[in-house]
Amino acid sequence: MTLLSLVLMNTGCEEQIDPTKVPSNEGRMVEVSLNIGFADEADGYTLATKSDASSDKGTFSYELQPSVITKGDATRKPDKLYNLEIQQYDQSGNRIGGMSSAVTQAIGSTISLSLKADPNCQLVIVAWGEGNTTPRLGTNTLTAVQKLSIDTSVINSIPTDNMNKMPYVLHLEHVDVTTSTIRSREGEDVRLLLKRLATRLTLNWEYSYDGYTLNQILLESIPTNYNVVPNPDKTDKTYPSLLDQFSTIQIDPASESGKSPYSCWISANVHGTNLSATSQNFRIKANAPTGSSYASFIAVNDKDAKKKLNYRVYLGGSTSSDFNINSNTNYNYTVNFKHTGLLVNDYRVTIIDPIPASENNNYLVPTANCFMVSPGGAFCFNPYKYTVNGEPIDNTTLQSSEWCNVVNGTINTPIKSVKVLWQTKENGDIGDPVLGVVTSASDHTNIVDLDNCNNLEKARIYCRVAPNTSGGSGVIATYTGENGGGEILWSWHIWVTDYAPDARGDEDVQTPVSKRKLKFEYGSNTNLPMMDRNLGAMAGYIDFPPDDLEKSKTNGFYYQWGRKDPFIGSYSNTKISSIPYSTIKKDAPTKGLLSLFKGDGITFHPTGLVRSKPSYRVAYKDPANMYKSSNGSDYTWIDSETEEYKNAWGAGTTKGLHDPCPAG
C-alpha cells in the first residue's frame, strides 16, 4: 500500500507536518491511508493575550471569561466518525479523487482510499454526524461544495452532552499526495484533526440600573445557516459573504430559557479586525467590520415604556480589535450593568426617548408615490394630493367612492392611522433597519404620524427616519381604522438615501456622485437626463459594478406595470435565471432575495403571489402581494385595462397617479 504525504501550509500546529522529499508520481492514482481524529475545542478567552478587552469600570462592562464548560464537556466529542466523506480537488477546484460514498469509521482507525498523485492539491474531510444524510460533497466542484450549508435547526437540536450528530470538518488547501507516509517534524505519524462546525456562545449578565428593567436580548447579524466549507473573500479572507442570509435570535430574560447564563450554537462569522477599536469603549458600530455579530441588551423604563436603553455588545476575540467568531471555539461572555446615571458619552449605548414624527417637522414636500429622504431626515406631505409638473392636484383615485369616498369636499372614509408596513436593513439581512425601530407593535408614531386627515387641504402625514444608517427602503401605509385596523387605503415608498439628483435642468452631471444624473443622446432626439440608479437602489454606477455585493446594491426593486408598489429584487452572489414562486417562503427570507422586515426591524414581512386579476382597489389593500393570471401566457395583472391603467406611468400627457417615481 502507498501512503499519503501531506504538506500543510498556513494551518494550525495541530495539523502541521514536515514530510521528506519523495519521487514525483503526479497524475497517477495511488492508494492512501489516513488516520483521522477530532481536535479539541478552542477557548475564545485564550485565543490572544488578554489586554484591553476587559473593561471593568464598574458601569457598563463586558469581557470574555474562561469557558464554563466542564472538563468533561470540553473534551466531549463524537464516539465515531459518523458519515465520513473525503474528497480531493486540484487548485482550480475540480474534483480529482475521493470517496464514492460516506462511511462510518471508528476513531483512530486507518481509512484507505484512492487519490490522484498531485504535489499541490486540496482535501476536504467531513464527518457529517450521526443520522445526517444530506448534504454531501459528492462529485461536485469545490466551488459547489462551498455553497453547501446545514440548516441552523439541525445544529440547534444537538445537545452538548451528545456530540454524535455534530458535523466536523477539515479543509486542507495545500497537500502533497505522493508515495510517502504522513509524518510530523519529530518523524512520528500524526492524525488529521477535524474541527467542530459550530461555535458555542454563552452569555452571563447582571442588570442593576434603577428605574429600568432588562426585557429583551437580541443576538444580531448571526449567519442563518452553517457553511460546511467556508469560501473566504479573496482579498480580506472574511466569511461568510455579506450576501448570505443572517438572522436575529431573540431572548426573553424573563423566560425560563432566557435566564442568565444563556448558551446556544451559532455559526462562524469571520469579518476581521479593526485597530481603531483600541478598547471596549470603541467596540462600536463605526469601528465594527460590516457583518460583525453583536448582542443588543434592551432595558425599558419602569414608568414610561417608550423610554429604553439599548446596549450593544460586539462579539469576538479577547482583544478589543478582534471581531471574529471562529468555529470549533467556545465564547463565554459576562456583561455587567452597574451604572447610576445615563451613559450619555458611551457610544455603545443608545438612549431611546422617542418623540412623535410630527414634532418639529414642518418640511412639507410635494406628494408622490416615492419619497427620497436622507438618513435622519424628516418631512411631511398631504396624502390626498399628488404632484404633477410641480403643481399639487387631487388624487382622484384615492378620493373616489371605493376608497376615501370624498363627496363635495367631505371625506366619508378618511385616513384613521398610518404605520410602517415594511422596511429593509442597511445591507440585506445585516445592519440597522433603515426607517428605525417602532416604539411598539401598536405605536409607530416615532416614525410616522398624521394630523387633520379629515381635511383635504390641511391633512398631513409626518415621517422621520433613523439616523446613522447607510440607507435602504421602506413602505408606510394608511388605514381605514385606528392603530392599523381596517383596510389599507394607500401606501408610499420611503427611499432612504443620500442621493439627490442635481436640480439643474437639461444637463449631464457627473460629480458629486450623490447628485449624478446622466444624459444620453439617440439620433436627433432630445432626451432629458435620467438617474444613475434604479428606483430604491442602494448605489448607482456608470461603470460595471466590480463584485456581486455592489451588483446587488444597484438592483433596486421590481415593479408590475401600472402599479406604484415596489417588490423585492435579488440580493445574491449566485446567478438567478428565474425565481419560481413556489420557492418563495411565506414566513422566512428566501435565499437570493432581498429581505423585508416589519416595523420592529426583526419580524419578516412576506411577499405573496395571488393567482387572480384584481382591480386597483383590491391590489392596494395589500401592497406586498403580486398578482398574476392563472393563464401563464397572460402577463396583465389587472382585471380591466382602463385608460387609468394604460397611462399609469405617464404614458399619457401627465405623470400618472400610479407612477412609482419620486416627484420631479
Side-chain angles (χ1 to χ4, degrees), residues 8-12 47-48 89-94 120 122-124 137 140-150 169-174 195 197-199 220-247 266-277 285-294 314-317 319 321-329 425-431 470 538-539 541 543-555 570-576 589 591-595:
L8 309 186
M9 304 178 184
N10 298 320
T11 62
L47 287 180
Y89 309 90
D90 62 21
Q91 288 304 314
S92 296
N94 300 306
N120 188 16
Q122 303 184 66
L123 284 183
V124 173
L137 305 177
N140 294 306
T141 64
L142 183 59
T143 298
V145 163
Q146 289 174 320
K147 295 177 182 178
L148 296 178
S149 63
I150 296 177
V169 182
L170 183 61
H171 178 200
L172 303 175
E173 297 184 52
H174 297 278
K195 295 183 178 181
L197 182 61
T199 294
E220 305 197 55
S221 295
I222 305 297
T224 299
N225 297 314
Y226 291 76
N227 292 329
V228 179
V229 181
N231 184 19
D233 181 86
K234 291 181 175 61
T235 303
D236 57 18
K237 305 302 180 183
T238 60
Y239 63 88
S241 167
L242 297 178
L243 291 165
D244 277 15
Q245 291 180 295
F246 292 77
S247 302
I266 61 173
S267 180
N269 191 16
V270 178
H271 277 104
T273 61
N274 187 351
L275 297 178
S276 296
K285 180 179 178 180
N287 292 332
T290 302
S292 298
S293 298
Y294 60 94
Y314 276 96
L315 307 178
T319 58
S321 60
D322 185 1
F323 293 84
N324 294 315
I325 297 292
N326 297 294
S327 62
N328 196 53
T329 306
K425 293 187 178 182
E426 295 172 88
N427 297 287
D429 289 344
I430 56 181
S470 58
M538 290 176 273
Y541 65 98
D543 298 316
F544 195 75
D547 53 45
D548 292 326
L549 180 60
E550 292 304 313
K551 289 176 189 176
S552 288
K553 287 183 177 181
T554 62
N555 284 343
S570 58
Y571 198 80
S572 175
N573 53 8
T574 301
K575 292 182 179 180
I576 301 174
K591 187 173 179 58
L593 298 182
L594 185 66
S595 298

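- Judged by distance alone, the side chain of N324 and the main-chain N or O of N326 form no donor-acceptor pair under 3.5 Å.
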Checklist entry - Are V229 and L148 close enough, and set up right, to give a side chain to side chain contact (heavy atoms under 4.5 Å, CB included), and what steps lead you there? => result CA-CA 7 Å; V229 181; L148 296 178; over 6 Å; no

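- Counting heavy atoms from C-beta outward, K553 and N427 have side chains that approach closer than 4.5 Å.
- Rounded to the nearest 0.5 angstrom, D547 CG and L549 CG are separated by 5.5 Å.
- With rounding to the nearest 0.5 Å, the separation of OG1 in T273 from CG in D236 is 10.0 Å.
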Item to check | E426/M538 under side chain to side chain contact (heavy atoms under 4.5 Å, CB included): CA gap, chis, key distance, verdict | outcome: CA-CA 9 Å; E426 295 172 88; M538 290 176 273; over 6 Å; no

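- Between N94 and S92, the side chains place no donor N or O within less than 3.5 Å of an acceptor N or O (distance only, hydrogens not considered).
- N274 places a side-chain N or O within donor-acceptor distance of the main-chain N or O of N287, the cut-off being under 3.5 Å.
- Panel note: side chain Q122, backbone L172; no donor-acceptor pair is recorded below 3.5 Å.
- Interatomic distance, OG of S570 versus CG of L594, reported as 9.0 Å (0.5 Å rounding).
- Proximity of a side-chain donor or acceptor of E550 to a complementary backbone N or O of P545 within less than 3.5 Å is not detected.
- Counted by atom type alone, T224 and S247 present one or more donor-acceptor pairs between their side chains at under 3.5 Å.
- The side chain to side chain donor-acceptor pair (under 3.5 Å) test with N269 singles out one residue from S293, S292, S221, S327, and that residue is S293.
- Distance alone, capped at 3.5 Å, places no donor-acceptor pair between the N227 side chain and the P230 backbone.
- In this structure, P289 and T238 have side chains that are not in contact, with every pair of non-hydrogen atoms separated by 4.5 Å or more.
- Residue L142 forms a side chain to side chain contact (heavy atoms under 4.5 Å, CB included) with just one option from V124, N231, L137, D90, and that option is V124.
- For the pairing with I325, the side chain to side chain contact (heavy atoms under 4.5 Å, CB included) check across I222, V270, I266 returns one residue only, I266.
- Atoms CG and CG, on N225 and D244 in that order, are 8.5 Å from each other to the nearest 0.5 Å.
- Looking at heavy atoms from C-beta onward, S595 lies out of side-chain contact with Y571 at the 4.5 angstrom threshold.
- Side chains of Y226 and S149 form no contact here, defined as non-hydrogen atoms less than 4.5 Å apart.
- The main-chain N or O of S241 is never found under 3.5 Å from a side-chain atom of H271 such that the two would form a donor-acceptor pair.
- Looking at S572, its side chain does come within 3.5 Å of a backbone N or O of T574 through a donor-acceptor pair.
- Between the Q245 side chain and the G428 main chain, no donor and acceptor come within less than 3.5 Å of each other.
- With a 4.5 Å cut-off on side-chain heavy atoms, V228 and V145 do not count as touching.
- The OG1 atom of T290 sits 6.5 Å away from the CD1 atom of I430 when rounded to the nearest 0.5 Å.
- Among all heavy-atom pairs drawn from P223 and F246, the shortest one is N-CD2, 3.7 Å.
- Expressed to the nearest 0.5 Å, how far CG of D322 lies from CG of L275 amounts to 10.5 Å.
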